[in-house]
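Right, one structure below, let's go through it.
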Amino acid sequence: MAEKRVYEVVFIIDPDTPEGEATSLVENLQKIVTDQGGAVVRSETMGRRQLAYRIGHKTDGNYWLFEVEGTGAEIAELERRMRVSDAVLRYLTVRVDEDRQRAEKFKAKRARRAAKRPVKGGSRSTGGGAAAAFAPAAVEAEEEIA
Amino acid sequence: MQSDERGGGGDRQRGGGGGGGGRRYRRRKVCRFCLDKVDLIDFKDVKLLQSYVPERSKIMPRRISGACAPHQRMLAEAIKRARNIALLPYAAD
């Protein structure tokens, strides 16, 4: 499929691996992606943090985040390599382009609705008058700020 | 999403979360994520997710979290992902 997909890959590197080895591993992984025709759009550490539960007797881990653009083939290779590597304690790949698209749609929808709605919510006949009249006005005020 | 008042009487502002107390009027909970216009719940946002997993680290049910169905779904998914990469525990010890 020719369409471009966006993935977020989070992986945990064993904090006991030597510094140099860890950086070369990250570089290697990035290279794998580019070799397969993908692109690493974002590559950053989330820092060393405590694991919520022990993984292979380790209590800490260095978290890394990749944002990868590609077809999916490079993800397969990337995951294979991470599975094989002892330094990678755990990885998680999430496809994000579809969710982001959906979020965009919601945003657009909200903007449209805000534009359509006049200044006040109009006369509303249901009970709880004060609260009902107040709510829409508050929503609009927030949107102006944003 | 309109915040209809149910059961009459209560046109208070939304305040603290907890349920109990009130005699007759039941405050209709409003989805926090809708109010904040959150379209995407990120599984890396541990701080946010933690407020939805009480001590036993179970996912807070909708009747307590007050989230609407789509947002609760997003929330649950995010929590499960966070668990997978050890950002959140599966079970409290």
Practice task
Taking atom CZ of A:Arg81 as the centre, report whether more than 12 heavy atoms of other residues, nucleotides or ligands fall under 6.0 Å from it.
Solution key: no
Handout entry: A:Asp16, CG atom: more than 12 neighbouring heavy atoms under 6.0 Å
Key = yes
Handout entry: Heavy-atom contact with chain A under 4.5 Å, split by part of B:Arg83
Key = backbone
Practice task
Select one option (side chain, backbone, both, neither) describing which atoms of B:Leu87 are under 4.5 Å from chain A's heavy atoms.
Solution key: both
Handout entry: Cluster overlap B:Met74 with B:Ile79, hydrophobic side-chain contacts below 4.5 Å
Key = yes
Exercise for the section: Decide if atom CD of A:Glu19 counts as having more than 12 heavy atoms of other residues, nucleotides or ligands within a radius under 6.0 Å. Expected result: no
Completion exercise
Here the gap from B:Glu77 atom CD to A:Asp99 atom CG, rounded to the nearest 0.5 Å, amounts to 8.5 Å
Exercise for the section: Establish whether A:Phe106 and B:Val38 are linked, either directly or via other cluster members, by ILVMFWY side-chain heavy-atom contacts under 4.5 Å. Expected result: no
Problem - A:Val94 portion near chain B, given a 4.5 angstrom heavy-atom threshold - result: side chain
Exercise for the section: Group every Ile, Leu, Val, Met, Phe, Trp and Tyr by side-chain heavy-atom contacts under 4.5 Å, then state whether A:Val68 and A:Val26 land in the same group. Expected result: yes
Practice task
Using a 4.5 Å cut-off on heavy atoms from C-beta on, say whether the side chain of A:Arg100 contacts that of B:Asp39.
Solution key: no
Practice task
Decide yes or no for A:Tyr91 and B:Ile85: does some side-chain heavy atom of the first lie under 4.5 Å from some side-chain heavy atom of the second?
Solution key: no
Practice task
Using modelled atom types only, decide if a donor and an acceptor are shared between the side chain of A:Arg90 and the backbone of B:Asn84 within a distance under 3.5 Å.
Solution key: yes
Exercise for the section: Find out if a path of hydrophobic residues (ILVMFWY) with successive side-chain heavy-atom gaps under 4.5 Å connects A:Leu89 to A:Ile13. Expected result: no
Practice task
Select all residues of residues 49-60 of chain A having any heavy atom within less than 4.5 Å of some heavy atom of chain B, and report them by number, or 'none'.
Solution key: A:Arg49, A:Gln50, A:Leu51, A:Ala52, A:Tyr53, A:Ile55
Handout entry: Cluster link A:Phe11 to A:Leu92, ILVMFWY, side chain under 4.5 Å
Key = no
Practice task
Under 4.5 Å, counting heavy-atom pairs only, tell me which of A:Glu8, A:Arg102, A:Met46 racks up the most with chain B.
Solution key: A:Glu8
Practice task
Indicate yes or no: at least one non-hydrogen side-chain atom of A:Val10 is less than 4.5 angstrom from one of B:Phe43.
Solution key: yes
Practice task
Check whether A:Leu65 gets within reach of chain B through its side chain, its backbone, both or neither, counting any heavy atom under 4.5 Å.
Solution key: side chain
Handout entry: Heavy-atom contact with chain A under 4.5 Å, split by part of B:Val46
Key = side chain
